[in-house]
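Structure first, commentary second.
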Amino acid sequence: MASEGGEGRAVRTRVVRGIETPASMVYCRRGLPVNITPDLFKHLPGMKSLHQPIGELFAMNVLSNPCETLKTACGLQNKVVYCTIWDPIRMVTGPTNDNKVSFDTSKGRIQVIPEEFMKKLDTLGVDMVALMSDAVDVSHSKGRVRKAVTRTVAWAKKCCEIRASQDVKKSQSMSKDIKDHVIPASLLGVVEGGTIFEQRKFCAEALSKLDGLDGFVIGGLNTGETSQDRADIIRLVCSILPKSKPIIATGISDPFSILDAVGLGVDLFESGYSYRLTQAGQAAAFELSPRVVGSKRIPTKISLWDPKYKFDKSAIIPGCKCYTCRTYTKGYIHHLLSTHEMLAQVSLQLHNIYRVGEFFREIRSAIAHHRFNEFSKWFRKHHC
């Protein structure tokens with residue numbers, strides 16, 4: 001189901017496993033959102049999709065039970081889990097050659113070839129996977145970027161060939177009843193190219209021709225490029241990639257950048273925004289209803305470390321329906337932060353994930369009612 005017409009896209013497709021987009025995927029470590037345990041999921045009914053970097057899982061071999069997947073082990077059966085080699089918060093990719101990609105983990109550097117990468121996917125049992133890519137940024141030369149794009153396209157082609165071979169073998173060994181219930185992870189090609197637009201174009205066109213891809217990821221965003229270059233990259237890539245397949249953007253998480261990207265055609269977002277706010281002792285403070293906004297511009301976030309909140313008896317956002325705003329005051333959370341209580345991070349994370357989810361819900365509603373541009377202009381006018 002889609003709602004377009006010159007504005008953003010709200011789509012529901014198989015590759016996102018029923019998740020209505022635009023949407024944000026909550027950042028995880030070792031299977032769960034940071035500071036959030038499965039018993040707290042009931043306070044986050046809108047949290048449908050998660051972003052799990054798989055480097056740590058590869059390094060620690062956490063799934064030693066062959067009968068268990070990441071989703072069953074962590075109680076994520078009703079969540080959509082998206083995996084990447086890169087970690088937007090902490091992990092750095094290392095030197096790469098034509099045969100393998102390497103990345104740093106807490107257990108040291110890991111090197112992976114396409115065959116091993118695809119084999120690991122079978123044991124994880126996740127929903128969507130960004131394929132191996134050679135990440136570059138604005139500091140790299142044209143020659144290095146060209147090589148990165150060549151490697152990325154070659155790896156995507158190799159992974160698709162491996163998947164096709166795996167599908168044939170599984171089809172021959174499975175009964176029809178089992179095949180009808182087994183949905184393999186959707187493979188997503190990564191569009192690299194830094195700020196070299198001809199390389200972005202080449203990569204997007206090459207990946208578009210691969211039959212085995214179910215969607216795409218615009219990689220290497222927010223790595224030092226200007227906001228104008230970022231917008232031009234997204235616009236170019238989205239104009240080339242098939243409209244029937246979803247597009248994920250990396251490195252975009254603050255509200256203003258999200259609105260820009262949605263307007264250009266991005267469907268899903270890797271989001272470490274909630275986590276970053278929480279780690280800084282900050283809370284999302286943006287409003288979503290014109291009824292509660294006056295003439296004064298509202299900050300998108302506030303710091304609960306600020307001493308001015310020491311005796312504040314109000315909720316972070318009056319009227320917010322998240323568990324934190326219904327239960328705690330700004331003064332209490334300030335106290336928790338000051339005394340280094342773990343509950344500070346838990347309560348802030350619950351609020352921030354919930355509020356970001358509500359932000360995307362408003363975006364989807366605006367698109368469905370053909371007023372996305374109006375909502376975007378209102379949000380920018382009343383927030384700072």
Would you kindly confirm whether [X] and [Y] end up in one hydrophobic cluster when ILVMFWY residues are joined by side chain heavy atoms under 4.5 Å apart?
| X | Y | result |
| --- | --- | --- |
| Trp155 | Ile113 | no |
| Trp305 | Leu348 | yes |
| Ile247 | Phe197 | yes |

Shortest non-hydrogen separation from [X] to [Y] and the atoms involved:
| X | Y | result |
| --- | --- | --- |
| Cys74 | Gly31 | SG-CA, 3.8 Å |
| Arg200 | Val191 | NH1-O, 2.7 Å |
| Ile234 | Ala261 | CD1-CB, 4.2 Å |
| Gly194 | Ile233 | O-CD1, 3.4 Å |
| Ala156 | Leu207 | CB-CD2, 3.6 Å |
| Ala284 | Asn352 | N-OD1, 2.8 Å |

Under the side-chain hydrogen bond (donor to acceptor under 3.5 Å, both in side chains) rule, collect the residues that match up with [X], sequence neighbours excluded.
| X | answer |
| --- | --- |
| Asp260 | Arg380 |
| His351 | none |
| Ser257 | Asp254 |
| Asp211 | none |

Rounded to the nearest 0.5 Å, what separates atom [atom1] in [X] from atom [atom2] in [Y]?
| X | Y | atom1 | atom2 | value |
| --- | --- | --- | --- | --- |
| Ser186 | Asp127 | OG | CG | 7.5 Å |
| Thr300 | His382 | OG1 | NE2 | 15.0 Å |
| Leu187 | Arg163 | CG | CZ | 4.0 Å |
| Leu50 | Cys83 | CG | SG | 9.5 Å |
| Ile353 | Ser271 | CD1 | OG | 9.0 Å |
| Thr329 | Leu304 | OG1 | CG | 9.0 Å |

If we ignore hydrogens and angles and just use 3.5 Å, is the side chain of [X] paired with the main-chain N or O of [Y] as donor and acceptor?
| X | Y | value |
| --- | --- | --- |
| Thr324 | Ser347 | yes |
| Thr278 | Ser274 | yes |
| Asn35 | Gln349 | no |
| Thr223 | Gly220 | yes |
| Thr250 | Ile218 | yes |
| Thr72 | Thr69 | yes |
| Ser24 | Phe360 | no |
| Lys42 | Asp39 | yes |
| His140 | Asp137 | yes |

Is there side-chain contact between [X] and [Y], with heavy atoms separated by less than 4.5 Å?
| X | Y | value |
| --- | --- | --- |
| Met128 | Val80 | yes |
| Leu188 | Phe216 | no |
| Met25 | Phe269 | no |
| Arg371 | Ser365 | yes |
| Lys100 | Asn97 | yes |
| Ile19 | Tyr82 | no |

Test Leu131 against every option in Val101, Leu213, Val217 by the side-chain contact (heavy atoms from CB on, under 4.5 Å) rule and name the one that passes.
->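 Option passing the side-chain contact (heavy atoms from CB on, under 4.5 Å) with Leu131: Leu213.
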Partner set under salt bridge (charged side-chain N to carboxylate O under 4.0 Å, His left out) for Asp232, not counting sequence neighbours |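 Residues passing salt bridge (charged side-chain N to carboxylate O under 4.0 Å, His left out) with Asp232: Arg235.
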Listed by chain and number, what are the salt bridge (charged side-chain N to carboxylate O under 4.0 Å, His left out) partners of Arg230, not counting sequence neighbours?
->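 Scan of Arg230 (salt bridge (charged side-chain N to carboxylate O under 4.0 Å, His left out), adjacent residues dropped) gives Glu225.
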Trp378 ring center near His383 ring center (under 6.0 Å) =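 Trp378 vs His383: aromatic centres under 6.0 Å.
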Do Tyr309 and His334 have ring centroids that are under 6.0 Å from one another?
->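 Ring centroids of His334 and Tyr309 are no less than 6.0 Å from each other.
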Under 3.5 Å donor-acceptor pairs involving side-chain atoms of residues 339-346, not counting sequence neighbours:
residue, atom, partner, partner atom, Å
Thr339, OG1, His335, O, 2.9
Thr339, OG1, Leu336, O, 3.3

Steps toward side chain to side chain donor-acceptor pair (under 3.5 Å) verdict (Tyr273, Arg355) | CA-CA 11 Å; Tyr273 185 64; Arg355 199 63 182 173; over 6 Å; no
Output all residues satisfying side-chain contact (heavy atoms from CB on, under 4.5 Å) with Ala148, sequence neighbours left out; order by chain, then residue number.
->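 side-chain contact (heavy atoms from CB on, under 4.5 Å) list for Ala148, sorted by chain: Asp134, Val136, Arg144.
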side-chain contact (heavy atoms from CB on, under 4.5 Å) partners for Arg361, two or more places apart =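 Applying side-chain contact (heavy atoms from CB on, under 4.5 Å) to Arg361 gives Glu358, Arg364.
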Are [X] and [Y] close enough that a side-chain donor and a side-chain acceptor fall under 3.5 Å?
| X | Y | result |
| --- | --- | --- |
| Thr84 | His51 | yes |
| Glu192 | Ser133 | yes |
| Thr195 | Asp229 | no |
| Tyr27 | Asp87 | yes |

What pairs meet the ring pair (Phe, Tyr, Trp, His ring centres under 6.0 Å) rule with one or both residues in residues 235-265, with sequence neighbours excluded?
->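 Qualifying pairs: Phe256-Phe379.
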Note: Lys201-Glu205 ion pair, threshold 4.0 Å (strictly below) |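 Here Lys201 pairs with Glu205 in a salt bridge, since their nearest N and O are under 4.0 Å apart.
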For Phe117, is the NZ or CZ atom of Lys158 found under 6.0 angstrom from the centre of its six-membered ring and inside 45 degrees of the ring axis?
->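 No.
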Report the C-alpha distance between Tyr354 and Tyr323 in whole Å, list the side-chain angles of each, state the deciding distance to 0.1 Å, and finish with yes or no for ring-ring contact (aromatic ring centres under 6.0 Å, His included).
-> CA-CA 9 Å; Tyr354 181 91; Tyr323 176 81; over 10 Å; no
How would you list all residue pairs meeting salt bridge (Lys or Arg N to Asp or Glu O under 4.0 Å) that involve residues 305-328, not counting sequence neighbours?
->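 Only Asp312-Lys330 qualify under salt bridge (Lys or Arg N to Asp or Glu O under 4.0 Å).
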Does anything in residues 269-284 pair up under salt bridge (Lys or Arg N to Asp or Glu O under 4.0 Å), and if so which pairs, sequence neighbours excluded?
->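 Matches after skipping sequence neighbours: none remain.
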Is it true that atom NZ of Lys157 has more than 12 heavy atoms of other residues, nucleotides or ligands lying nearer than 6.0 Å?
->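 It does not: Lys157 NZ has 12 such atoms or fewer within range.
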